[in-house]
Amino acid sequence: MPRIARPDLPDVVEQAVEVFGARVRVALLRALNEHGPCTKAELHRLLGGSEANLHTHLMALEQAGVVRADPPRSDESGPVIRRYTVEHGQVEVLLEALGQAVRAPR
């Protein structure tokens, strides 16, 4: 079985790869920048695909701190309609870290 290359990267670079390394996640960020804040249903109408897949990627973006839900997640019961927005500061941190990781040393 072939060995998979897994170079050791700083945590912030790993996080940037997770956030920006999936087309759906990039599309979600773009849609939120262009149309946000948006609900999950609005994002689904804009992007299509399966609701479960969209939910998975949206939750990953939220966990990475690049998307914020309003109202925030808590232990409430019952359906809650959340609006999602981009946390631009965290996006910039991750983009900068990814840029530094791929640039040639000066």
Side-chain angles (χ1 to χ4, degrees):
M1 175 168 256
R3 295 179 62 194
I4 297 173
R6 180 108 178 146
D8 188 29
L9 298 171
D11 289 344
V12 68
V13 176
E14 290 284 351
Q15 188 178 20
V17 170
E18 288 296 318
V19 167
F20 305 121
R23 288 185 174 128
V24 173
R25 293 178 188 181
V26 172
L28 278 165
L29 291 169
R30 184 175 181 153
L32 286 169
N33 277 323
E34 291 177 358
H35 306 283
C38 292
T39 65
K40 200 181 318 180
E42 290 167 337
L43 289 166
H44 184 254
R45 280 193 293 279
L46 288 167
L47 300 175
S50 82
E51 289 183 40
N53 188 42
L54 183 76
H55 175 79
T56 298
H57 287 289
L58 194 55
M59 295 307 97
L61 292 174
E62 188 178 352
Q63 185 175 13
V66 297
V67 167
R68 179 175 35 88
D70 185 33
R73 297 195 178 278
S74 64
D75 293 335
E76 80 273 340
S77 61
V80 175
I81 296 176
R82 291 183 172 82
R83 298 190 77 68
Y84 296 90
T85 57
V86 175
E87 291 289 339
H88 297 285
Q90 182 64 9
V91 169
E92 291 301 321
V93 166
L94 295 178
L95 285 172
E96 179 60 27
L98 188 59
Q100 286 182 10
V102 299
R103 282 188 209 112
R106 295 177 188 202

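Excluded from the calculations below are hydrogen atoms, water molecules and symmetry mates; all remaining heavy atoms, backbone and side chain alike, are included.
- To the nearest 0.5 Å, atom CZ of residue Arg30 and atom CG of residue Leu47 are 11.0 Å apart.
- Side-chain contact between Thr85 and Leu32: absent, with no pair of heavy atoms (C-beta onward) separated by less than 4.5 Å.
- Two different hydrophobic clusters hold Leu54 and Val80 under the rule that ILVMFWY side chains link at heavy-atom gaps under 4.5 Å.
- Ion pairing between Lys40 and Glu51 fails under the 4.0 Å rule for side-chain N and carboxylate O.
- Here the side chains of Val19 and Arg25 are not in contact, with every heavy-atom distance at 4.5 Å or above.
- Taking CG of Leu95 as the reference point, atom CD of Gln100 lies at 11.5 Å (rounded to 0.5 Å).
- The shortest distance between side-chain heavy atoms of Asn33 and His88 falls below 4.5 Å.
- Applying the side-chain contact (heavy atoms from CB on, under 4.5 Å) criterion to Glu14, with sequence neighbours excluded, gives Arg6, Leu9.
- Under the side-chain hydrogen bond (donor to acceptor under 3.5 Å, both in side chains) criterion, Glu18 pairs with no residue at all, not counting sequence neighbours.
- Going from atom CZ of Arg68 over to atom CD of Gln90 covers 13.0 Å, rounded to the nearest 0.5 Å.
- In this structure, the separation between CG on Leu98 and CD on Gln15 is 11.5 Å, given to the nearest 0.5 Å.
- Between Arg82 and Pro71 the shortest side-chain heavy-atom distance falls below 4.5 Å.
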